[in-house]
There are 2 protein chains.
Amino acid sequence: MPWEKQFDHDAALSKAMGTFWAQGYDATSMQDLVECMGINRGSLYASFGDKRSLFIEALRRYDAVYREGWVNRLVKSHGPRGAIAAAFDEAIAAVQGGSNDGCLLVNTALELSPHDDEISAIVDHGLAEMEQFFCDMIERGQAAGEIPAHVVSVDAARGLLSLFIGLRVLSRSRPEASLLRSVANQAGALLT
Amino acid sequence: MPWEKQFDHDAALSKAMGTFWAQGYDATSMQDLVECMGINRGSLYASFGDKRSLFIEALRRYDAVYREGWVNRLVKSHGPRGAIAAAFDEAIAAVQGGSNDGCLLVNTALELSPHDDEISAIVDHGLAEMEQFFCDMIERGQAAGEIPAHVVSVDAARGLLSLFIGLRVLSRSRPEASLLRSVANQAGALLT
DNA sequence: CCCTGTTTTGACTGTTCGTTCCAAACTCAG
DNA sequence: CTGAGTTTGGAACGAACAGTCAAAACAGGG
């Protein structure tokens with residue numbers, strides 16, 4: 001019979017994700033998406049449904065690649081304390097590399113979470129997993145003697161999450177290296 | 001001659017500010033503004049210019065009232081360390097009071113700063129002043145013996161700013177009391 | 001080479017956007 | 001009461017928006 005798809009679904013989704021990431025949901029028009037994804041309007045609607053569905057799919061992909069994949073990589077290639085430091089260092093490196101798009105989960109938390117429960121659930125889950133990552137690293141660090149036992153892991157993890165979010169917000173508006181470095185250094189102060 | 005203005009400029013501006021605060025810039029239509037401000041479309045354009053000009057005026061007003069006025073009040077009614085604690089406590093109290101609008105400066109930093117230099121300048125100035133507030137309080141606290149001398153005021157202030165921003169972001173998406181309280185408690189950990 | 005069924009395509013829909021404009025309503029000085 | 005100057009409400013603008021559709025382009029099976 002017929003004919004396979006001529007464009008790559010995943011590649012197109014990645015492009016859409018990048019545009020939503022840089023511009024936000026409202027500020028991205030379907031025309032922007034048609035152009036950046038390199039596929040036709042009709043194909044877009046046939047493959048991804050409406051704009052909101054496409055955004056949700058892009059957000060889920062971001063969560064899988066840039067949050068889950070990223071965390072897993074950090075855990076594997078560093079010790080507990082090193083993984084926490086690397087999380088902040090990599091966020092700063094992205095800014096130094098010229099990207100001031102911040103983090104799509106954080107951006108979405110502000111733009112859409114208060115007005116869309118389904119999207120909020122995705123964002124909340126991603127942020128909770130980051131909190132859990134920090135918490136796990138702290139507890140492992142304590143077991144390994146890298147982090148003092150008097151640190152309350154749950155509270156400190158939430159402090160690190162909040163510092164990290166602040167860093168991502170600042171990197172969109174005040175991407176000065178010294179400012180971001182100071183913030184990252186304070187992460188260490190929560191673990192002493 | 002004729003007839004004084006029939007609507008109150010400042011009151012209308014406050015209403016507009018509230019709508020931008022809750023919904024963001026893009027998601028607020030001129031129709032929303034006409035309705036929430038209670039004035040006519042023509043009067044709106046005659047008094048405030050276009051949408052962006054109105055937003056900038058509202059943002060400046062927010063900065064004057066909710067950032068500058070707020071900081072001044074904190075400085076006057078608390079000691080150095082108490083002022084820092086009160087800053088976080090009041091942000092949490094706002095959430096408990098039912099508002100999950102966060103902070104207009106933070107919301108704008110994410111939505112518009114990367115794409116609008118004039119707006120970015122306002123946001124950056126407001127955030128820098130908050131940083132300065134934290135820095136001043138730390139140094140005064142050190143002079144008063146409330147805060148250890150080994151704390152580096154500039155770095156710790158940036159950490160507090162970042163924690164504060166994170167708190168504001170989380171309050172829009174995960175306004176759980178225990179989470180926000182943990183974050184506020186970590187502010188103290190940066191000052192020990 | 002034609003038939004079949006899917007994909008691609010770009011024109012098209014109705015709606016909403018920000019903005020402009022004008023005539024009617026109105027207040028107050030003369 | 002009259003005239004001057006403002007505010008008002010709503011109609012109207014072109015542009016941009018999200019979303020739809022029918023026809024053309026296409027690959028493989030007969």
Side-chain angles (χ1 to χ4, degrees), chain A residues 1-60 104 107-108 111-112 115-119, chain B residues 1-60 104 107-108 111-112 115-119:
Chain A
M1 302 219 202
W3 197 19
E4 295 165 26
K5 261 200 167 102
Q6 216 150 48
F7 67 90
D8 180 346
H9 183 99
D10 283 3
L13 183 58
S14 279
K15 300 269 185 64
M17 186 193 72
T19 301
F20 280 130
W21 192 354
Q23 305 190 334
Y25 178 80
D26 267 324
T28 300
S29 69
M30 291 305 286
Q31 191 56 38
D32 290 338
L33 293 166
V34 164
E35 287 163 16
C36 85
M37 295 168 81
I39 66 177
N40 186 268
R41 225 177 166 71
S43 306
L44 200 169
Y45 277 93
S47 297
F48 296 98
D50 62 9
K51 185 184 179 184
R52 180 170 169 278
S53 301
L54 170 58
F55 180 81
I56 288 177
E57 200 171 335
L59 182 61
R60 289 215 163 94
L104 183 57
N107 301 354
T108 305
E111 185 182 3
L112 301 176
H115 312 297
D116 189 314
D117 288 343
E118 186 180 356
I119 289 175
Chain B
M1 303 214 201
W3 199 13
E4 294 166 29
K5 263 203 166 104
Q6 217 149 47
F7 66 90
D8 180 346
H9 183 99
D10 283 3
L13 183 58
S14 280
K15 300 268 185 63
M17 185 192 74
T19 302
F20 281 130
W21 192 354
Q23 305 189 335
Y25 178 81
D26 268 323
T28 300
S29 69
M30 291 305 286
Q31 189 56 38
D32 291 337
L33 293 166
V34 164
E35 287 164 15
C36 86
M37 295 168 83
I39 66 177
N40 185 266
R41 230 177 163 73
S43 306
L44 200 170
Y45 276 93
S47 298
F48 296 97
D50 61 10
K51 184 185 180 186
R52 181 170 170 277
S53 301
L54 170 58
F55 180 81
I56 288 177
E57 200 171 336
L59 182 61
R60 290 215 163 94
L104 183 57
N107 301 352
T108 305
E111 185 181 4
L112 301 177
H115 312 297
D116 188 314
D117 288 343
E118 186 179 356
I119 289 175

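Proteins come first, then strands; the chains are lettered A, B, ... in the order of their sequence lines, and each starts at number 1. Here the structure is a predicted model, which is why all the values come from computation and not from measurement. The analysis underlying the following values was restricted to heavy atoms, covering all of them including side chains, and did not include hydrogens, waters or symmetry mates.
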Per-nucleotide protein contact string for nucleotides 14-21 of chain C, where B marks a base within reach and S marks sugar-phosphate only (heavy atoms under 4.0 Å, - for neither) = ---SBBBB
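- Listed by first and then second residue, the salt bridge (Lys or Arg N to Asp or Glu O under 4.0 Å) pairs that reach into residues 23-43 of chain A come to none, sequence neighbours excluded.
- Protein atom CD of A/Glu35 is 12 Å distant from nucleotide atom P of C/dG10, rounded to whole Å.
- Taking the ring-ring contact (aromatic ring centres under 6.0 Å, His included) definition, one finds that B/Tyr45 meets it with nothing, sequence neighbours left out.
- Distances shown here put a side-chain N or O of B/Ser43 below 4.0 Å from the OP1 or OP2 atom of D/dT8.
- Per the geometry, CG belonging to A/Leu44 stands 15 Å off C1' belonging to D/dC17, to the nearest Å.
- Within the structure, the salt bridge (Lys or Arg N to Asp or Glu O under 4.0 Å) test picks out the following pairs touching residues 42-58 of chain B (sequence neighbours left out): B/Arg52-B/Asp116, B/Arg52-B/Glu118.
- Residues passing the side-chain hydrogen bond (donor to acceptor under 3.5 Å, both in side chains) test with B/Thr19, sequence neighbours excluded: none.
- Not counting sequence neighbours, the partners of B/Asp10 by the side chain to side chain contact (heavy atoms under 4.5 Å, CB included) test are B/Asp8, B/Arg61.
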